[in-house]
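After the structure tokens below, expect a handful of questions from me.
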There are 2 protein chains.
Amino acid sequence: MQSRKEEIKSAAARLFRKKGYSATSMRDIATAVGIKAASIYNHFKGKQDLLQDLLLNIAHLFEKGMAEIESSSLPPAEKMEKLIALHVRLTVEHADAIALIAGEWMHLKDPVLTEYVTIRNTYEQDFKSIIEAGKTDGYFKDHDTEIILFSILSTMRWLYTWYSRHKSYNQVELEKQMTDCLLNGIKK
Amino acid sequence: MQSRKEEIKSAAARLFRKKGYSATSMRDIATAVGIKAASIYNHFKGKQDLLQDLLLNIAHLFEKGMAEIESSSLPPAEKMEKLIALHVRLTVEHADAIALIAGEWMHLKDPVLTEYVTIRNTYEQDFKSIIEAGKTDGYFKDHDTEIILFSILSTMRWLYTWYSRHKSYNQVELEKQMTDCLLNGIKK
DNA sequence: GTCTATATGTCGATAGAC
DNA sequence: GTCTATCGACATATAGAC
């Protein structure tokens with residue numbers, strides 16, 4: 001059961017992803033839902049409000065997932081596996097909204113833009129702490145932390161493009177192979 | 001020495017990257033160059049023409065790089081290293097245009113859109129052939145070829161965001177660490 | 001080759017009827 | 001809660017003077 005407000009949100013997410021935020025008009029979104037553009041303003045304050053709703057929601061899901069992993073007492077290598085699983089799960093469940101993280105967050109306006117960037121920076125800092133703990137404990141090699149973070153996050157952030165073309169792929173198997181690729185590499 | 005036409009192109013690339021294609025106006029580009037919007041039309045047919053010029057140019061650079069690597073008689077593992085080096089080099093030399101590959105190619109219009117996608121698909125097919133040759137020769141593990149391709153390409157395609165924040169990083173060292181991360185993983 | 005002026009269209013958002 | 005009608009801003013692109 002999806003309310004009209006939810007209908008508008010998911011149509012907006014799909015269109016922002018496909019055509020980009022700026023190239024998507026309120027008329028486009030309204031048509032996709034089967035109403036007129038003016039009617040959207042009974043549910044949202046405007047186009048920017050829609051983008052902010054979508055992006056803050058997904059940002060908070062990542063925040064929550066990271067908090068749970070950090071507060072666990074698992075060793076760094078297993079925390080890393082949990083992080084990869086978190087990205088895979090959120091991507092599968094919120095593919096359209098995730099896509100906006102990659103390409104449309106720049107269209108946020110202040111003060112939400114600042115809020116969003118702060119959340120993202122904190123997330124990356126937490127990620128780096130786990131990598132460094134893994135190096136200290138001798139689980140990870142001594143690569144530059146920034147480069148390790150970048151390699152993993154970039155792969156995770158593109159997962160949504162890949163997954164849209166391979167929906168049939170088993171989620172558990174995907175998670176397993178990605179984790180192994182990232183942690184152990186592709187060379188024999 | 002940069003001609004006026006080149007000035008316009010690089011201003012467009014920088015603005016398309018920063019604000020997105022749709023949100024960038026001809027007035028924005030003109031102002032950045034120090035002329036009026038109408039003057040751009042003496043150098044380019046329109047905004048779409050600018051995007052096509054930028055994207056086809058960078059696509060052809062990848063095509064050329066891949067052709068050189070493929071025609072070499074190096075073993076697959078070394079071809080892979082050359083491919084990573086190709087991405088690093090093109091990213092450092094054409095950061096703005098490379099960014100458009102990640103987020104703005106969707107705004108291309110046919111027939112150039114079809115041409116661009118065809119070039120990209122061919123590039124990915126060539127990449128997969130090298131991965132599969134590497135598996136056959138026993139250099140690479142038996143992961144799903146699609147997943148290996150995706151892991152590597154996604155990291156390469158996000159390099160431009162990372163590099164803009166770490167311009168001081170030594171290019172040779174960057175190449176070495178990225179190659180090692182991708183091929184051998186981060187686990188000890 | 002750059003300018004001013006302008007044609008033509010679409011945008012986000014609002015007012016007010018029902 | 002959805003509609004019609006509309007406003008004002010800004011978009012791409014063109015015509016023609018200099």
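In what follows, every chain begins at residue 1, and chains take the letters A, B, ... in the order their sequences are listed.
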side-chain contact (heavy atoms from CB on, under 4.5 Å) between A/Y21 and A/L50, worked out:
CA-CA 10 Å; A/Y21 174 76; A/L50 265 164; over 6 Å; no
Base, sugar-phosphate, or nothing for B/T24, non-hydrogen atoms under 4.0 angstrom?
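B/T24: backbone/sugar contact only, no base atoms under 4.0 Å.
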Should the pair A/H87 and A/F62 be assigned to parallel (<30°), tilted (30 to 60°) or perpendicular (>60°) ring geometry?
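Tilted: the ring planes of A/H87 and A/F62 meet at 30° to 60°.
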Quick one: sort the B/Y169 and B/W162 rings into parallel, tilted or perpendicular, breaks at 30° and 60°.
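Aromatic pair B/Y169/B/W162 classed perpendicular.
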Can you check whether any acceptor in the base of C/dG12 is under 3.5 Å from a donor in the side chain of A/R27, or vice versa?
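Yes, a donor-acceptor pair under 3.5 Å.
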On DNA chain D, nearest-nucleotide positions of B/G46 versus A/G34: which is more 5'?
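First, find each residue's nearest nucleotide; the 5'-ward one identifies A/G34.
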If you check every side-chain atom of A/I35, which of D/dA11, D/dC3, D/dT14 has the closest atom?
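Closest of the options to the side chain of A/I35: D/dC3.
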Is A/S39 close enough to D/dG1 that one of its side-chain N or O atoms is under 4.0 Å from OP1 or OP2 there?
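For D/dG1, OP1/OP2 do not have a side-chain N/O of A/S39 under 4.0 Å.
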Looking only at the side chains, is there a donor atom on one of B/S154 and A/S154 sitting less than 3.5 Å from an acceptor on the other?
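The answer is no; no qualifying pair exists.
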Counting heavy atoms from C-beta on, name the nucleotide in C/dA13, C/dT4, D/dA11 closest to the side chain of B/K36.
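The nucleotide sitting nearest to the side chain is C/dT4.
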Among the nucleotides C/dA13, D/dT12, C/dG1, which one has an atom lying closest to any side-chain atom of A/Y41?
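Per side-chain heavy atoms of A/Y41, the pick is C/dA13.
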Taking only the side-chain nitrogens and oxygens of B/K47, find out if one of them lies under 4.0 Å from OP1 or OP2 of D/dT12.
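Yes, within the criterion.
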Compare the minimum distances between each of C/dG12, C/dT14, D/dA13 and the side chain of A/A38, then state the nucleotide with the smallest one.
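Among C/dG12, C/dT14, D/dA13, the one nearest the side chain of A/A38 is C/dT14.
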